[in-house]
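Below is one structure, written out as structure tokens, with a few remarks after it.
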Amino acid sequence: MTSAPAANPAFPSYCRFTASRGAPPVDGTVSLGASGIEIDLPGGSRHIWTYGKLRSEEPIRRNAIDVLLTSGDEPGASLFVQGAGFAAALRERAPRLSVRAAWLREKRMWFFILAFVAGLIAAVYLLGFSPSKSIAQHLPNSWRERLGDATRSSMTKGHKECVDPAGLAALTLLTERLSQGASGSIPFHIHVYDWPLMNAFAVPGGQIVLTSGLLDKSESPDEAAGVLAHEMGHGIELHPESAIIRGVGLGATLEVMLGNTTGGGLANVGLMLAQLGYSRSAEREADKHALELLKAADISPKGLGNFFTRVTKMEAEDGDEGPGAYSWFRTHPPAAERARVVSEQKDYPSSPALSAEAWQNLKSVCKKTRDPDQAE
Ligand SMILES: [Zn+2]
């Protein structure tokens, strides 16, 4: 209060003062002073409660006929004042106590929340900042691996993992060769499943699911290497982690990562991830990584290009009902544009992704399989 309000002839008003909870109330008078309300009690004692520290039991409405006040100046004490005149005059001197002030306080909180959300949305759209990705980046590796295990087992339910030793050795060779360009950030683990569907998915924690169907349809090790490199690109960019956090929320994701999978809420997380697919820009990012990984490994990108072209043609011939439905290419359109990007790559010295023998071993990795719940 900087200026003293004019004296109001309606005061002092009658009031009832209680010194502490349970104490007997005392009758007195109250008036509105320059810096606070002045309470005069029998015996000549005067209490001054400054306007800034007054609290009203409920916001003082325009048509209030009484007020019940407490004060930070005298904790525990309370003051009851009857009379519309006092209530109205108090509202003027301590506007904080009005309904509108209470409404504004609440509004202000909502304003901040909305501003925060609007800021996030703007950041997402204008700057390409992805909150789910930055969350994913800060997850410990062991958590992402656990999320990867849960996603992989959900995704591959009912299919056996292929574990023929010679085939696995060839797969390790290929994975290591492709990982050279991945700057060692993520240790990749590729798992092949006996599954005629032609597909490959990246799941969290650098894990990749590859189907026997995809290996069968690949005509060269370079083709399989191209698809693998693309999926590794998704892994490097943490696309699976981000998609899961976006899809089911951080809470449910954390539950899986912390080992609480009994909730069942994420039983279909793998299916969800497989069905969702990624945005165009995420696919471009993965392709960009794929080309870099192939180049660092001295593997020609032509395999990836051939694969796009050939399988697109196959899909068109099979139609919607054909074996291609739900395949890698359902979540990876449009192949033509991507084949063009690959074909624009400058030539560089390259050698086959695998020797003929290792490639044959990889193609027959499903000679030996293991049930999902069988220990390693
Ligand atoms: Zn992709």
Side-chain angles (χ1 to χ4, degrees), residues 128 130 132-133 136 144 147-148 151-152 154-156 174-175 178-179 181-182 185-186 188-193 195 197-211 213-215 217-218 222-247 269-295 297 299 301-312 314-315 324-345 353:
S130 154
S132 45
K133 182 171 175 181
R144 298 198 292 110
L147 184 62
T151 310
R152 182 163 56 89
S154 146
M155 188 179 274
T156 60
L174 182 58
T175 310
L178 284 171
S179 296
S185 53
I186 298 177
F188 284 100
H189 297 285
I190 294 147
H191 301 261
V192 184
Y193 285 83
W195 194 353
L197 177 87
M198 182 181 61
N199 219 332
F201 313 86
V203 300
Q207 299 189 36
I208 291 167
V209 170
L210 198 61
T211 65
L214 189 129
L215 287 175
K217 294 267 161 55
S218 301
D222 287 9
E223 290 190 6
V227 173
L228 264 185
H230 172 90
E231 293 305 321
M232 287 163 86
H234 282 305
I236 291 169
E237 289 291 334
L238 303 177
H239 290 154
E241 285 89 340
S242 309
I244 290 174
I245 293 171
R246 256 199 315 275
V269 64
L271 212 66
M272 182 201 81
L273 186 62
Q275 290 290 319
L276 278 180
Y278 298 118
S279 69
R280 281 278 179 90
S281 66
E283 292 303 340
R284 275 193 209 108
E285 279 179 327
D287 276 344
K288 190 169 165 282
H289 282 292
L291 293 173
E292 285 165 5
L293 293 178
L294 290 169
K295 191 168 185 188
I299 298 172
K302 293 208 171 74
L304 184 59
N306 289 346
F307 195 71
F308 285 143
T309 323
R310 196 161 47 75
V311 181
T312 310
M314 247 163 54
E315 295 259 297
Y326 304 109
S327 81
W328 196 67
F329 282 83
R330 190 188 60 80
T331 51
H332 285 83
E337 178 202 324
R338 305 173 68 216
R340 187 177 52 77
V341 172
V342 172
S343 69
E344 281 167 1
Q345 289 300 298

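Order of appearance sets the numbers: ligands from 1, and atoms from 1 within every ligand. All of these numbers come straight from a predicted model, not from anything done at the bench.
Side-chain polar atoms of E285 and H234 form no donor-acceptor pair below 3.5 angstrom.
Tested against P204, the residues I244, I245, L238 include a single side-chain contact (heavy atoms from CB on, under 4.5 Å) partner, I244.
Among the atoms of D287, none of the N, O or S atoms falls under 2.8 Å from the Zn ion (ligand 1). Among the atoms of H234, an N, O or S atom is found under 2.8 Å from the Zn ion (ligand 1).
In this structure, S179 contributes its side chain and A182 its backbone to no donor-acceptor pair below 3.5 Å.
For the pair I236/L293, a side-chain contact is recorded, criterion being any heavy-atom separation below 4.5 Å from C-beta on.
Shortest distance from the Zn ion (ligand 1) to E283 is reached at OE1 (N/O/S atoms only).
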